[in-house]
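So you know, we letter chains A, B, ... as the sequences are listed, proteins then strands, and number each from 1.
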There are 2 protein chains.
Amino acid sequence: MIKNKSINPITYHAPDGTPADPEVQKLVEELIGQVADKWTMIVLELLYEQGTLRFTELFRQIGGISQKMLTQTLRNMERSGFIQRTVYPVVPPKVEYQITELGLTLGEAFCGVWMWAEKNLKHVHTARKNYDEERSN
Amino acid sequence: MIKNKSINPITYHAPDGTPADPEVQKLVEELIGQVADKWTMIVLELLYEQGTLRFTELFRQIGGISQKMLTQTLRNMERSGFIQRTVYPVVPPKVEYQITELGLTLGEAFCGVWMWAEKNLKHVHTARKNYDEERSN
DNA sequence: CAGCATCCATCTAGATACTG
DNA sequence: CAGTATCTAGATGGATGCTG
């Protein structure tokens, strides 16, 4: 990353020094926000592992999500192109969800965070423990 | 990632098939949540670029954040060990914040998401546009 | 300067009930 | 089965005023 003297708005830079497009910046913030909604990553993971799942199968396997939240999560993911929704015109209804190429690569992009967490789990815990102990005295 | 037949709780896997520790999983979710709080990443970036900054300098450069939120963000980041807080016993008070090694590597870990966003910006926009157009008819 | 305490608007998620 | 609609409790963030 390179030095940035501009006051406002903030300009992000990649580690190699390439300044980032504001649009990219906006998308990154959206992505992180979306994934942080707590259900998106779980759905992504399940579809990553199992390819295709029906609404109720997702509902059951996630466990703890409400129907409303599952629907909302799936709609947002579909809208952004991470998953594909297929409706079969049968009675009772049958709807299948499957991960797309885009969703697949997104999952992989978050992999760096996973590896960081694995590697630094203890450092973070230690830091927090030290911090908390200092305040409690 | 490998197939996972367990119903609940969900077990995450790395792309190479290594099952993830529940503790790591929890930390990943926390990290993404923390970074998604909208200010953490901005602070991380500023300290990444400029090394050390005082409270008011951060406050000014971020622009739009409230003092309360800045304080809260800085405390959380300090607690997790991403930044270091140094208080100089002078009047008026002087407090400096600087990024740690841990914070530095965390920023780099999120780089994969950045690169994904850069590469797939158009795909996402197209997907969203198509989705929105289909509903408006 | 660098906070903390308090109040308040808003946004969100979950529970619940209903439907093609 | 796969949703939609509605209501509400709780979390979140911003504004404001005060302080060592």
Trainee: List, by chain and number, the other hydrophobic cluster members for A:Tyr131, where Ile, Leu, Val, Met, Phe, Trp and Tyr join if side-chain heavy atoms come within less than 4.5 Å, directly or indirectly.
Mentor: none
Trainee: Going by heavy atoms closer than 4.0 Å, what residues in residues 75-99 of chain B are next to DNA chain C?
Mentor: B:Arg75, B:Arg85, B:Pro92, B:Pro93, B:Lys94, B:Val95, B:Tyr97
Trainee: Atom CZ of B:Arg135 and atom P of D:dT4: how far apart are they, to the nearest Å?
Mentor: 10 Å
Trainee: Specify the separation, in whole Å, of atom CE of A:Met69 and atom P of D:dA2.
Mentor: 19 Å
Trainee: Assess whether side chain to side chain donor-acceptor pair (under 3.5 Å) is satisfied between B:Gln61 and B:Gln50, documenting all intermediate values.
Mentor: CA-CA 11 Å; B:Gln61 290 201 37; B:Gln50 305 182 38; 2.8 Å; yes
Trainee: Write down the distance between CG (A:Asp37) and C1' (D:dT12), rounded to a whole number of angstrom.
Mentor: 16 Å
Trainee: Only distances under 3.5 Å count here; give the side-chain donor-acceptor pairs of residues 86-97 of chain A to other protein atoms, sequence neighbours excluded, each with its distance to 0.1 Å.
Mentor:
{"from": "A:Tyr88", "atom 1": "OH", "to": "A:Glu96", "atom 2": "OE1", "distance (Å)": "3.1"}
{"from": "A:Tyr97", "atom 1": "OH", "to": "A:Arg75", "atom 2": "NH1", "distance (Å)": "3.4"}
{"from": "A:Tyr97", "atom 1": "OH", "to": "A:Arg85", "atom 2": "NE", "distance (Å)": "3.2"}

Trainee: Does A:Thr71 or B:Lys68 map to a spot on DNA chain D nearer the 5' end, using the closest nucleotide for each?
Mentor: A:Thr71
Trainee: Which residues within residues 52-59 of chain A lie with some heavy atom under 4.0 Å of an atom in DNA chain D?
Mentor: A:Arg54, A:Phe55, A:Thr56
Trainee: Determine the minimum heavy-atom distance between B:Ala109 and A:Trp116, stating which atoms define it.
Mentor: CB-CB, 3.6 Å
Trainee: I need the minimum non-hydrogen distance between B:Ile62 and B:Ile42, along with the two atoms involved.
Mentor: CG1-CG2, 4.0 Å
Trainee: On DNA chain C, reading 5' to 3', which nucleotide is the first and which the last to sit with an atom under 4.0 Å from a heavy atom of chain B, could you check?
Mentor: C:dC1 to C:dT6
Trainee: Over its full length, what angle do the end axes of the helix from C:dC1-D:dG20 to C:dG20-D:dC1 make, each axis taken from five pairs and the result rounded to 10 degrees?
Mentor: 50°
